[in-house]
Amino acid sequence: MTAVDARPRTTTESRFPRAFRWGTATAAYQIEGAAAEDGRTPSIWDTFSRAPGRVRNGDTGDIAADHYHRMHEDVALLKGLGVTDYRFSVSWPRVQPTGRGPAVQRGLDFYRRLVDALLAAGIRPVVTLYHWDLPQELEDAGGWPQRGTAGRFAEYATIVGEALGDRVTTWTTLNEPWCAAFLGYASGVHAPGRTDPVAALRAAHHFNLAHGLAVRALRDVLPRKSEISLTLNLHAVRPLRETAADLDAVRRIDALGNRIFLDPVFHGRLPEDLIEDTASLTDWSFVHDGDLATASEPIDSLGINYYSPTVVTAVSPATAASGLPDPDADPDADPGPGPGPDATDVPSPWPGTEERVRFVPAPGPRTAMDWPVDADGLYELLTRLRDELPRTPLMVTENGAAYDDYADPSGAVHDPERVAYLRAHLAAVHRAIAAGTRVRGYFLWSLLDNFEWAYGYSKRFGIVHVDFATQRRTVKDSARWYAAVIGRGGLA
Ligand code: IFM
């Protein structure tokens, strides 16, 4: 692959640490396809995407980017990029179709082959155990709001740890439990599509518990030097105005979006203010003695997924209770990160805040997801974690942008906006490192255009274009740019 960026060599100021891990990330349901092959059974996303009106254009992950059959071609793309690491997820229903009992070897074999191919290409595999594809049978038994699912997850972690632990050194238990809990069980725009705020809070707790149980299970089967992590989509929350009311709105969203996971996992406690804010919904009696100690089982690093910041303002409860329009309301008010593409009138994914907090569109340019481009939010999050968790190394496990890319008549895909987005965000990571933050790696989302959940195939996040009719892969300009950055070890 030839570099398009012919600018001068990296200066010391823009060089990343020598051991910095440069990667790309994907997730099983979004790229694999082969939904009914080799013993795989439906996950909640197979079921959800088949339900009318849930996913744009009725798209499903049945074929996706057909990675299951094109794995070697995709590993060759990774090798061409020069990445040091590749983050992928294991499909739970492919290796343990009912979520219980013995593994299906044919399913595990796919991941064994993938790991072998990566290692042969000199690329370190980074495994995520759960990227949202719960076996449907476990959802039928109650899903994540049901405590038993956490125990099932630890069993599944043992299976995958035993199968791949001799060659995979970096493990992530869960990807973005906030989305899985609150978009899946409160707003219902993600699978399994439930709209029960208490179920969402229960799910969030059971994700923390499942994480801790899986860390213990993995430590039992993995070699001592293995690294275990968790990936959170932390929210960079800002007030619209520096007023006490708006700062309180920030506090509420920070509790429900960030500290609901950070406090149990790193401090073995639940945020007191979160318990108060949600008191009208639940007494949290689903948190049993010992759960928070389990959730805080020590881990080796924290993964952060960041795309854009969140701006909030306070709504007066009196206004909300009166049913009258809020005189201060912004008519273009954003419903907040989460709600799906075509849904109208979806319930809030922020239980207990609906009458207190309004989401406001952040200024600036937007991606094809209509998400604001603001790299300072990434810097804010990283330096916050530097201060709050000084001993925990960090990895940016996802960052990237969707744009309406197309192959031009010559077959090239020019995506200058994505290059600008990536450059700004990598510069923010570099600034955070220079400011003393222990960021160990960066994983670009995503290697390939893929199934973007409720948006189906209408949004393209890849640095490699996929023509979904032919499955032809075309390297975009952004991939060449990223390869050049990796080659130089930094930005030019
Ligand atoms: O595609 C998703 C991914 O699965 C989880 N993080 C955000 C990405 C973009 O929406």
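Each ligand, and each atom within it, is numbered from 1 in the order the structure gives.
Atom numbering of ligand 1 starts at 1 in the shown order; those under 4.0 Å from a heavy atom of E452 are 1 (O), 2 (C), 9 (C), 10 (O). Within ligand 1, counting atoms from 1 as listed, the ones closer than 4.0 Å to a heavy atom of W371 are 10 (O). Remark: ligand 1 atoms within the under-4.0 Å shell around heavy atoms of H131 are 3 (C), 4 (O), 5 (C). Residue E176 approaches ligand 1 through these ligand atoms, each under 4.0 Å from one of its heavy atoms: 5 (C), 6 (N), 7 (C). Taking every non-hydrogen atom of F461 and a distance limit under 4.0 Å, the qualifying atoms of ligand 1 come out as 9 (C), 10 (O).
Residue T170 is tested with R440, R87, R21 for a side chain to side chain contact (heavy atoms under 4.5 Å, CB included); the sole match is R21. Each of W144, W178, W45, Y185 was scored for a ring-ring contact (aromatic ring centres under 6.0 Å, His included) with H190, with one residue passing: W45.
Ligand 1 has a nitrogen or oxygen under 3.5 angstrom from a nitrogen or oxygen of Q30. The distance criterion of under 3.5 Å between nitrogen or oxygen atoms is met by E398 with respect to ligand 1.
Using a 4.5 Å heavy-atom cutoff, the side chains of F88 and L118 are in contact. Looking only at side-chain heavy atoms (C-beta outward), L232 and P177 come within less than 4.5 Å of each other. Under the 4.5 Å side-chain criterion, counting only non-hydrogen atoms from C-beta, S43 is not in contact with P135.
Annotation: atom 8 (C) of ligand 1 to nearest protein heavy atom, Y307 OH, 3.5 Å.
For the pair R94 and Y68, the cation-pi test (distance below 6.0 Å, angle within 45°) is passed.
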